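No experiment lies behind these values; they were computed from the predicted model shown. We name chains A, B, ... by the order of the sequence lines, and we start the count at 1 in each one.
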Amino acid sequence: MNKKDLEPIKSQQLNLNLFELDPLLDKNYSNTLEIYDLAGKFLYGKLNKYLSSASAEETEFTRITNYKDMELRVSVTAANIERVKGGTKQRVFVFPGAREEIIEDVLRKLATERRAEAYEATTGTNAGTKFVGIAFTLYEIYEELKRVGKSYSYAEIKEALHIMNRSILSIQSMDKSIDLSAPFFPLMAIADRSNKKETRSFVCFHPMVTNVILTSSFRRYNYAKALEFKGHFTRLTYKRLCHRWIQASPGKPYTILLSTLISAMKDPYQNTYQDKALFKGVMEDLVKEDVLERYEMTPKKEGKKIIDWRFELYASNTFAKQVAANNKVANTIQGSSSDPNEHAVPRIQQSEDEIYF
DNA sequence: CCGAGGTTGCCCATCGTACG
DNA sequence: CGTACGATGGGCAACCTCGG
């Protein structure tokens, strides 16, 4: 798909305005997206992120998460890109990882700063499909990364964008009422200095993102805080909590199973113990960072063998306050959304805890 | 079931360069 | 001043193995 195929549409402007946050007041905030942000769409391990040769099986991974009463399958296929290693070019399969996740977050953040535009594809196989896109410069990404304490070279930023353009994300519900498959960034144009005409780069977000934005199914969250976390799974867990935990009062715990976290975020380790240790570390980070006041862990046993763990999370005052403030924003948005009949994605509801057992 | 210790290479910081 | 590029080098998170 080419940028020529896209026609700007004005009628969606209201919803885009709702997506926007005040660049001065909300400098550290962005939006999490319903469904899209529930599962881990990234591979954090270094050893299998880049594959120089791989079977068809190895170039895709699937995460499973629950959404309302449905099971949601989220699959990611590796991008096939050219890469220079030791002076020679080679083609490799590569999965989106921490870097790609962070750069996507940054672009989404820029999109909340009155920058996003809605388009409709006019030609080709995507005709009629709506996309939300954003124009930017690599320099802006570089500077914003610096602001939130990250540092990637231009080469890395560009490689990340290419990976996102060539890696396919599929989201399916069991009953097929949700069934979307497209690259993370279906349309991408990167400025380079040799081509003086275009100094601005451009990407369109995944159709699920567009869908979620246009139906106002998003929630404000502390994006700068999320990016502060050193642990990748801490960041991911934090985002999930920000999106799901909308009744966070200090006395009311949020209950979640280890197995739920694992299937939504990662390939399991060989031993459950290792995953337990990993997420115990995550919870300790969250306590240290004043998101949780404390947490409790209970083993779930089958005979003598531990087969799962239950986490009970208690919000810190700071986090509970933030959730309340975000609820206020969410209520304003839901009250003023433009077309209540056009909701392909259900609204955010006051959902219960994730799992009981 | 658990802790400790080892391996890997991405992540990240920091510098310098170039151009209008 | 905004924008884009490249090289270098060490630390550390995620992952794995092994012994108790």
Novice: Taking atom P of C:dT3 as reference, at what distance in whole Å does atom NZ of A:Lys146 sit?
Specialist: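 Going from A:Lys146 (NZ) to C:dT3 (P), I get 12 Å.
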Novice: Could you check whether A:Glu143 gets within reach of a base, just the sugar-phosphate, or nothing at all, counting any heavy atom under 4.0 Å?
Specialist: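 No contact.
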Novice: For A:Glu156 and B:dC12, give me the distance from atom CD to atom C1', rounded to whole Å.
Specialist: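 Between C1' of B:dC12 and CD of A:Glu156: 8 Å.
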Novice: Would you mind reading off the distance between A:Leu145 atom CG and B:dC12 atom P, rounded to a whole angstrom?
Specialist: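 About 9 Å, once rounded to whole Å.
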Novice: Nearest of C:dA14, B:dC2, B:dC1 to any side-chain atom of A:Tyr44?
Specialist: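 My answer, after comparing the listed nucleotides, is C:dA14.
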Novice: State which residues pass side-chain hydrogen bond (donor to acceptor under 3.5 Å, both in side chains) with A:Tyr152; sequence neighbours excluded, sorted by chain then number.
Specialist: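 Here no residue qualifies.
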Novice: Using a strict threshold of under 4.0 Å (side-chain N to carboxylate O), is an ion pair present between A:Glu101 and A:Arg235?
Specialist: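 The answer is yes: the pair qualifies as a salt bridge.
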Novice: Select base, sugar-phosphate, or nothing to describe what A:Gly149 touches, counting heavy atoms under 4.0 Å on all strands.
Specialist: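 If one applies the 4.0 Å heavy-atom cut-off, A:Gly149 turns out to touch the sugar-phosphate alone, with no base involved.
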Novice: Side chain of A:Lys266, heavy atoms from C-beta onward: which of C:dC15, C:dA4, B:dC12 has the nearest atom to it?
Specialist: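 Among the listed nucleotides, the one closest to the side chain of A:Lys266 is C:dC15.
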Novice: In the 5'-to-3' direction, what one-character label does each nucleotide of nucleotides 6-13 of chain C receive under the scheme B = base within less than 4.0 Å of a protein heavy atom, S = sugar-phosphate only, - = no such atom?
Specialist: -------B
Novice: For A:Tyr139 and B:dC19, give me the distance from atom OH to atom C1', rounded to whole Å.
Specialist: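 So the OH-C1' distance, A:Tyr139 to B:dC19, works out to 14 Å.
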Novice: Please determine if A:Lys225 forms a cation-pi arrangement with A:Tyr221, meaning its NZ or CZ atom is less than 6.0 Å from the six-membered ring centre and no more than 45° off the ring axis.
Specialist: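 No, A:Lys225 does not lie over the aromatic ring of A:Tyr221.
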Novice: Please report the distance, rounded to the nearest Å, between OH in A:Tyr50 and C1' in B:dT8.
Specialist: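 In whole Å, B:dT8 C1' lies 14 Å from A:Tyr50 OH.
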Novice: Kindly write out the residues that satisfy side chain to side chain contact (heavy atoms under 4.5 Å, CB included) with A:Asp179, not counting sequence neighbours, or none if the list is empty.
Specialist: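 Only A:Gln172, A:Lys176 meet the side chain to side chain contact (heavy atoms under 4.5 Å, CB included) criterion with A:Asp179.
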Novice: Would a single hydrophobic cluster contain both A:Tyr50 and A:Ile157, if residues Ile, Leu, Val, Met, Phe, Trp and Tyr are joined by side-chain heavy-atom contacts under 4.5 Å?
Specialist: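 No, no single cluster joins them.
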Novice: Which part of the nucleic acid, if any, lies within contact of A:Ala98, taking any heavy atom under 4.0 Å across all strands shown: a base, the sugar-phosphate backbone alone, or nothing?
Specialist: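 Touches sugar-phosphate only.
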Novice: Counting any heavy atom closer than 4.0 Å, what does A:Tyr269 reach on the DNA or RNA strands: base, sugar-phosphate only, or nothing?
Specialist: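 Base: the residue A:Tyr269, judged by heavy atoms under 4.0 Å, touches a nucleobase.
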Novice: Expressed in angstrom and rounded to an integer, what is the separation of A:Ile157 atom CD1 from B:dC12 atom P?
Specialist: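 Nearest whole value for this atom pair: 12 Å.
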Novice: When you measure from the side chain of A:Leu278, which nucleotide among B:dC10, C:dA14, B:dC12 comes out closest?
Specialist: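 Minimum distance to the A:Leu278 side chain belongs to C:dA14.
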Novice: I want to verify a distance call: between C:dA14, B:dC2, C:dT17, whose nearest atom is closest to the A:Gln270 side chain?
Specialist: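 Nearest to the side-chain atoms of A:Gln270, counting from C-beta on, is C:dT17.
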Novice: Should A:Lys239 and A:Asp105 count as an ion pair when the cut-off is N to O under 4.0 Å?
Specialist: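 Looking at A:Lys239 and A:Asp105, the cut-off is met.
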Novice: Take atom OH of A:Tyr152 and atom P of B:dC12, then tell me their distance rounded to the nearest Å.
Specialist: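 After rounding, the reported distance stands at 4 Å.
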Novice: With the threshold set at 4.0 Å, does a side-chain nitrogen-carboxylate oxygen contact exist between A:Arg310 and A:Glu296?
Specialist: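 Salt bridge absent between A:Arg310 and A:Glu296.
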Novice: At less than 4.0 Å, is any side-chain N or O atom of A:Tyr273 found next to OP1 or OP2 of B:dC2? Yes or no.
Specialist: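 For B:dC2, OP1/OP2 do not have a side-chain N/O of A:Tyr273 under 4.0 Å.
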Novice: Using a strict cut-off of less than 4.0 Å between a Lys/Arg side-chain nitrogen and an Asp/Glu carboxylate oxygen, indicate whether A:Glu284 and A:Lys288 qualify as a salt bridge.
Specialist: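 Not counted as a salt bridge, because no side-chain N and carboxylate O are separated by less than 4.0 Å.
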Novice: Picking from B:dC12, C:dA14, C:dC5, which would you name as closest to the side chain of A:Leu138?
Specialist: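 Within the option list, the nearest is C:dC5.
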Novice: Mind calculating the distance between CG (A:Asn271) and P (C:dG19) to the nearest angstrom?
Specialist: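 Atom-to-atom, A:Asn271 to C:dG19, this comes out as 15 Å.
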Novice: So if I take every side-chain heavy atom of A:Lys305 and compare against B:dC1, B:dC10, B:dC12, which nucleotide ends up nearest?
Specialist: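 Nearest to the side chain of A:Lys305 among the choices is B:dC1.
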